[in-house]
There are 2 protein chains.
Amino acid sequence: MPTGFSADEMQKLDDMVEKRRRIKQGELLFSSGDEFVSLYAIRVGFFKTCVSSEDGREQVTGFQMAGEIIGMDGIVSDHHNCNAIALEDAEVCVMPFSDIEHLSRELPALQRNVHKIMSREIVRENSVMMLLGNMRAEERLAAFLLNLVQRLHARGLSQSELVLRMTREEIGSYLGLKLETVSRAFSKFSEDGIIEVKQRYVRIVEPDALKKIFNPQTYY
Amino acid sequence: MPTGFSADEMQKLDDMVEKRRRIKQGELLFSSGDEFVSLYAIRVGFFKTCVSSEDGREQVTGFQMAGEIIGMDGIVSDHHNCNAIALEDAEVCVMPFSDIEHLSRELPALQRNVHKIMSREIVRENSVMMLLGNMRAEERLAAFLLNLVQRLHARGLSQSELVLRMTREEIGSYLGLKLETVSRAFSKFSEDGIIEVKQRYVRIVEPDALKKIFNPQTYY
DNA sequence: TATTATTTTTGACATGCATCAAAGCTATAA
DNA sequence: TTATAGCTTTGATGCATGTCAAAAATAATA
């Protein structure tokens with residue numbers, strides 16, 4: 001959240017985000033069909049969002065970490081359109097959307113922020129579409145790992161080490177691959193000395209090699 | 001746009017959308033990297049939006065028709081993040097985003113509308129992710145055709161006949177398929193008597209059969 | 001009209017990933 | 001410790017879609 005607010009304005013923002021909610025690993029923050037009331041700012045923990053078709057196929061649409069906002073899918077129809085599941089014990093700020101709308105009429109900086117957050121999600125989904133539509137398995141996994149460490153690094157964590165919060169199956173669902181294919185791609189990267197993997201722990205040994213796989217052209 | 005505005009408010013809305021722009025077939029409304037200034041409401045015509053990776057692969061991220069809003073990808077970074085290309089001669093309303101933000105502070109109904117439009121785009125992209133991640137070629141094409149006629153029907157056009165504004169290759173790019181695969185799926189549907197195809201013209205003979213292909217479970 | 005370019009269709013073949021299966025590993029509980 | 005369940009790895013095989021190629025249909029241009 002940007003700064004530049006007066007004390008009074010800060011107070012109103014604080015009031016809006018005062019309510020907290022804890023979600024244990026495996027529990028739902030919201031699910032498809034729930035009435036939409038609030039956006040959620042993740043304080044601690046890690047989530048996945050997923051949609052499922054009527055015949056039971058599931059698509060993970062994103063992984064969200066601390067500092068990210070979740071729930072914008074619900075605005076259009078006043079009902080949530082996906083499930084949000086905690087991949088580890090988590091805590092969120094509950095931000096009633098009517099409060100957000102009300103307050104952002106007074107605070108242009110907040111208004112702008114809300115717009116940017118939604119636009120960022122649209123742009124993110126655009127690049128997932130590129131990934132799903134055009135990339136091969138190893139490119140997808142490289143893109144996924146690079147994106148994860150980049151976001152973790154932006155939160156002050158390592159840019160070379162990470163602990164995956166999700167299973168191979170969930171990664172596969174996000175990347176449009178089967179879990180076996182994800183596992184094989186991990187093994188391949190490991191054999192090639194690009195990463196070290198031990199279950200959920202991953203260390204990126206050769207980030208440039210990963211980037212080259214993700215985007216061959218830049219390194220012709 | 002919803003109603004319920006006063007005469008004064010309607011005037012402000014009118015002022016905001018007064019500027020028009022014509023785009024000929026094949027021309028760009030905006031392209032990736034352009035400074036973001038305005039959203040565009042399509043008055044007439046048909047667009048595609050696409051992103052391209054540095055090594056030249058292209059992904060069509062959507063097809064937009066009259067009455068739809070385009071350009072929200074630009075908000076997050078103040079620069080557009082995709083290309084918008086007219087698939088037929090088109091005309092749009094230019095809506096400066098600063099005006100939209102300013103006015104939506106006064107008009108809650110407008111504010112709500114802007115939020116819904118962005119949320120709708122997020123939800124749409126979620127279902128494209130499902131399509132790209134989980135569905136097979138014929139399911140994708142069935143979903144695509146059903147979505148198109150549904151949107152055309154909502155505009156007062158036929159729910160069984162349509163003229164495609166895009167090539168097989170563009171359909172394929174949107175659906176994560178090669179043009180040959182799209183062509184084969186069209187032929188298959190045609191052989192099975194589900195649709196009639198003649199180049200860009202398509203008539204849906206058996207909508208239920210299409211829905212069944214799109215979503216087998218509902219019809220077990 | 002003839003000519004050229006673009007788009008679409010169809011066939012033959014190749015391949016990347018899915019599927020099926022089994023074993024190994026890890027974590028949790030008894 | 002042993003037992004159980006869940007997750008991951010690896011191998012063998014199959015299939016849906018990609019690739020390559022050529023012809024047909026259509027549209028654009030001279």
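Order of the sequence lines fixes the chain letters, A, B, ..., with proteins taken first and strands second; residue numbering starts at 1 for each chain.
- Under 4.0 angstrom from either OP1 or OP2 of dG18(D) there lies at least one side-chain N or O belonging to T181(B).
- When the nearest nucleotides of DNA chain C are assigned to L177(A) and K198(A) by heavy-atom distance, the more 5′-ward of the two goes with L177(A).
- E161(B) and R203(B) are not joined by a salt bridge, as no carboxylate oxygen comes within less than 4.0 angstrom of a charged side-chain nitrogen.
- Rounded to an integer number of Å, the gap from CG of L141(B) to C1' of dA16(D) is 15 Å.
- In this structure, Y201(B) places its OH atom 18 Å from C1' of dT8(C), rounding to the nearest Å.
- In terms of heavy-atom proximity, E58(B) sits nearest to N134(A) at O-ND2, 3.1 Å.
- One atom, CD of E88(B), and another, C1' of dA27(D), lie 17 Å apart when rounded to the nearest Å.
- A heavy-atom distance below 4.5 Å is found between the side chains of P96(A) and S38(A).
- In this structure, CD of Q25(B) is placed 12 Å from P of dA27(D), rounded to the nearest angstrom.
- Looking at R184(B), its side chain comes within 3.5 Å of the base of dG11(C) through a donor and an acceptor atom.
- Using a 4.0 Å heavy-atom criterion, one finds that G176(A) contacts the sugar-phosphate atoms exclusively.
- The CG-P distance, from N134(B) to dA16(D), rounds to 16 Å in whole Å.
- Put simply, S187(B) has a side-chain N or O that comes within less than 4.0 Å of OP1 or OP2 on dT10(C).
- The distance from atom CZ of R140(B) to atom P of dA16(D) is 14 Å, rounded to the nearest whole Å.
- Closest approach to the K178(B) side chain among dT8(D), dC17(C), dT19(D) is made by dT19(D) (side chain taken as heavy atoms from C-beta onward).
- A salt bridge does not link D208(B) to K212(B): none of the charged nitrogens lies less than 4.0 Å from a carboxylate oxygen.
- For L164(B) and dT7(C), the CG to P distance is 14 Å, given to the nearest whole Å.
- Note that R165(A) lies outside the cation-pi zone of F63(A), set by a 6.0 Å cut-off to the ring centre and a 45° limit from the axis.
- The side chain of Q199(A) approaches dT8(D) more closely than any other nucleotide in the set dT8(C), dA16(D), dT8(D).
- Put simply, the side chain of E180(B) and the base of dC20(D) share a donor and an acceptor less than 3.5 Å apart.
- Atom pair R136(A):CZ and dT17(D):C1' shows a separation of 13 Å (rounding to whole Å applied).
- Counting any heavy atom pair closer than 4.0 Å across all strands shown, S183(A) reaches a base atom.
- Below the 3.5 angstrom threshold, one finds no donor paired with an acceptor across the side chain of R168(B) and the base of dT10(C).
- Side-chain atoms of L179(A) lie closest to dT9(D) of the nucleotides dT9(D), dG16(C), dT7(C).
- Residue R200(A) is classed as a sugar-phosphate contact, given heavy-atom separations below 4.0 Å to backbone atoms only.
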